[in-house]
Amino acid sequence: MVRAENKPKSLGAQLEKSLTGIKGLDEVTKGGLPKGRPTLVCGGAGSGKTLLATEFLVRGALQFGEPGVFMSFEETSDELTKNVVSLGFKLDALAAQKKISLDYVQIDRSEIEETGEYNLEGLFIRLEHAIASVGAKRVVLDTIETLFSGIPNPAVVRAELKRLFQWLKNKGMTTIITGEQGEKTFTRHGLEEYVSDCVIFLDHRISEQVSTRRIRVVKYRGSPHDTNEFPFLIDEKGIIVMPITSLGLRYRVTNKRVSTGIPRFDAMLGGKGYYRGSSVLISGSAGTGKTSFVSHFADAACRRGDRCLFFAFEESESQVVRNMLSIGIDLEQWAKKGLLKYHADRPTIYGLETHLLVMQKMINEFKPAAVIVDPVSNLNAVANHANVKMMLTRLLDQLKLDRVTTVLTILTQGSPTSESTDVDISSLADTWIRLRDTESGGERNRGMYILKSRGMTHSNQIREFVLTDKGVNLLDVYVGPSGVLTGSARLSREAQEKAKDLVREQDAQIKQLNLERKRKAMEARIADLRAEFKTEEAEIKKFIKQEKLRRQKVSQDREAMAQIRKAD
Amino acid sequence: MAIKTKRLKRKRGESEGGVKTWELRLYVAGQTSKSMAAFSNLKKLCEERLKGQYQIEVIDLLENPALAKGDQIFAIPTLVRKLPEPIKKIIGDLSNKERVLVGLNLIPSS
C-alpha cells in the first residue's frame, strides 16, 4: 500500500530501494534502504539498533517476501528471540518456517590463540550457508565491531570487513550493519569508512531526566532524504518514526462551525461556535473552569456523533468523569459508546517528543474530529518553553491538516490580567478564550472573554459565568460604574433593578386609578350640569309658552274688545 | 605439497591404552596454501610432541558449511583442541610453533 507512494519512478531509476516496513522510516528515507547495499545503523548502547535491525528483517520476511539472515555477535539466538517477543516478533517461528536464519557468532578472545596468517573466511562460509538455507535477500550483522575486540589483529579485521561488505553487495544483499557510537566518530572503529551508501544514526538523549529516542539519516548516497532528527518510539508493535516536521502551513480550512457546547457562548462567537479544524486556546489561572469548558465541548462533539480524544495531564479519567458529572456533564456515556477516548499521563512519564509521538499515534489510530489537551502547560515540566511551543506547532499542524478541532487549555500563573501565556503559543491559536477570576466585595467570581477569534465576528464583552448543576452558565451582563458587575454585586444590582421596576409599576397603577377617578368626577359634573341645564331649559320653555299664551290672550282680548266696540 | 585434506580426513593417530588422547580438529576452506601449511605444521608438531596420542580431523567448510556453526568458526584456518578439555582455538596457519604449543597448553604461556 505504501509501496506505490514511496517509489516514484524517477527515484527507482536512480537507486532501487528496499522498504523496511518500519512505520515512518520509509517516509524519512523516501522509500527505504538502498536495495542490495549495506546500511550502517549506529548509536550508543540501548539506542535501539538491534531492534531496528530485527524489525527490518521481520517485516521483510512477513510483508515483503524477503527472507533474512540475522548474524549476531553479541546475543545468542535464544536471547535475541526472547528480547523481541515483547514486540510481537516470533523469531523462532520464522526460523522454523525458514524465513529467517539466526546465527550467533561467539568470539571469546581468551579462548583464541593467534599463530600465523589467517582470514575470516569462516564468517563468509557461515553467512553464505545461512543465506542459501533461507534464500535470503536481507542480512543483519549485529554488532560486527565485536570482531575488533575478539580478534587480535585489527588489520586483518579491517581488510576482511571491507571484503565482506563488497561480497554482500555482490550478492545483492540489503544489509544492516550495526555499530556502537564512538567518541568523535559515528562508530567506535570507523565502520562508516566501509559503509558509505547509507548511514543512520540513533540517539537516546536524556534531558530534564526524561529520555527521548531520535533517529537521523546522516547520509544517503544517491538519494534525497530528510536530514532532520525525528523522534521515534518503541512500543508493543515495534519502532515508530514520525516524520512530523515535514508538515507546514499547507492545510486547507473549512467554513463549517462546531458548537462549544455552551449555547450562550456560541452566541458570543457569532452564534455558531468554533470553526471546525481550528485551534482553540482556553487560558486561565487555577480553578477558573478550564476543564469544565473543554468538557462541554467534548460533550457537544460526542452528541453530534464526532469522536473526541481527551488528553489529560492532570486528572485521571474517573476524576474528570466524576467532577464533570457534578456539573451535569455525563462523559461516561460517550466513553461507553466509543466516541470519547480518554488518555491520561503524567507529563514527566516521558519526554516531550515521546508525548508528541504517543499523541500522534493515538490520533492516527482513533481518528478523532476533536482533540482536547488539558492542560498543555504541564508539559513545561519536561521541557523548556521553546521546545513545548515547537512540539505544539507540530501537533497543531498535523491536526489542522486532518481538520481536527483542537482545544488546548493553559494554566496561567501570576497576574490574572496578563495577556500572555506561559507557553507562548497564543499565536498558534485561532480562537483564544481567557477565563479569569475577579475579586471584588470579598468574593471571587468567574469571568470570561474572547481575546481573539480569527475569521468570525465575536462578542467583546466580559461575561460572568457560574458553574451550575447543569453546566457552565453565562449570565446576563450588568455593567456598573467600575465595569462588569459580578457575584453579589450583580445580584444586588439585579435586586435594585427589580425594586425600581416595581416602584415604577406601582406608580403607573396609581396614575391609572387617579385618571379613572378624575374621569368619573368629570362625568358626574357633566351629569349635574346636564340636569341643571334641563331644569333651566324646562323653566325657560315654560316661561316662553306662558308668554305666548299671554300674548294670544291679549290679542284675542283686543279683538273681542274691538268687536264689542265695533271699531273699524 | 600434495597433501589432500580430504584424504587425510579421519586419519587417526593410534591411541595407546591409558594414555590421554588428543582430539584435534582443523577447519579449512578449500585447499589454499594457508590451509595446507597449517596442516603440515600441525602434523609435524604432533609427530614431535604427541606421537601416538593424537588424532586430527580435517574439516573442509566448503564441503560442510553447516559444521562451522558448531565449533564457532570464523577464522580460517582454525585448529580446535576438542580434547583434552578445555576447548582451545588456535587461528592462523600454525607457522609460529611456539604460539601453537602455548595454545595447546603444551608449554606454559610465558
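Predicted model only: the values in this text are computed from it and were never measured.
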Exercise. When rounded to the nearest 0.5 angstrom, what is the spacing between CZ in B:F74 and CG in A:L147?
Worked result: 7.5 Å
Exercise. Quick one: side chain to side chain donor-acceptor pair (under 3.5 Å) partners of B:E47, sequence neighbours excluded?
Worked result: B:K51, B:Y54
Exercise. Taking everything shown except B:E98 itself, do over 12 heavy atoms lie less than 6.0 Å from its CD?
Worked result: no
Exercise. For B:S95 and A:G116, which heavy atoms make the closest approach, and how far apart are they?
Worked result: OG-CA, 3.5 Å
For this session: Taking all non-hydrogen atoms of both residues into account, name the closest pair between A:S110 and B:K88 and its distance.
Result: O-NZ, 4.4 Å
For this session: First locate atom CD1 of B:I76, then atom CG of A:N119, and finally report the distance between them rounded to the nearest 0.5 Å.
Result: 7.0 Å
For this session: Can you establish whether the number of heavy atoms outside A:Q181 located under 6.0 Å from its atom CD is more than 12?
Result: yes
Problem set entry | Residues A:E113, B:I91; criterion side-chain contact (heavy atoms from CB on, under 4.5 Å); working and verdict | CA-CA 6 Å; A:E113 193 66 45; B:I91 59 177; over 6 Å; no
Exercise. Can you tell me how far the CG atom of A:L123 sits from the CD1 atom of B:I73, to the nearest 0.5 Å?
Worked result: 10.5 Å
For this session: Could you look at A:I107 and say if it's the side chain, the backbone, both or neither that has a heavy atom under 4.5 Å from chain B?
Result: both
Exercise. Any sub-3.5 Å donor-acceptor pair from B:D93's side-chain atoms to A:E117's backbone N or O?
Worked result: yes
Seminar exercise, completed: Under 4.5 Å to a heavy atom of chain A? For B:K34 that would be side chain
Problem set entry | Sequence neighbours excluded, every pair satisfying salt bridge (charged side-chain N to carboxylate O under 4.0 Å, His left out) that has a member inside residues 44-54 of chain A | A:K49-A:E180
For this session: Sort A:Y104 into side chain, backbone, both or neither according to what part of it lies under 4.5 angstrom from a heavy atom of chain B.
Result: both
Problem set entry | Under 4.5 Å from a heavy atom of chain A, the part of B:L104 involved | neither
Problem set entry | Heavy-atom pairs under 4.5 Å with chain A, option from B:A68, B:A66, B:G92, B:G103 with the top count | B:G92
Problem set entry | Pick from B:L61, B:N96, B:I90 with the largest number of heavy-atom pairs that fall under 4.5 Å of chain A | B:I90
Exercise. Counting heavy atoms not belonging to B:K97, are there more than 12 under 6.0 Å from its NZ?
Worked result: no
Exercise. Which residues, numbered in order, of residues 75-96 of chain A come under 4.5 angstrom of chain B by heavy-atom distance?
Worked result: none
Exercise. Taking all atoms of both residues into account, what is the closest heavy-atom pair of B:K69 and A:L102, and its distance?
Worked result: NZ-O, 3.0 Å
Exercise. Between the main-chain N or O of B:Q72 and the side-chain N or O of A:Q106, is there a donor-acceptor pair closer than 3.5 Å?
Worked result: no
Seminar exercise, completed: Against chain B, residues from residues 125-140 of chain A with at least one heavy atom under 4.5 Å, in numeric order, are A:I125, A:R126, A:H129
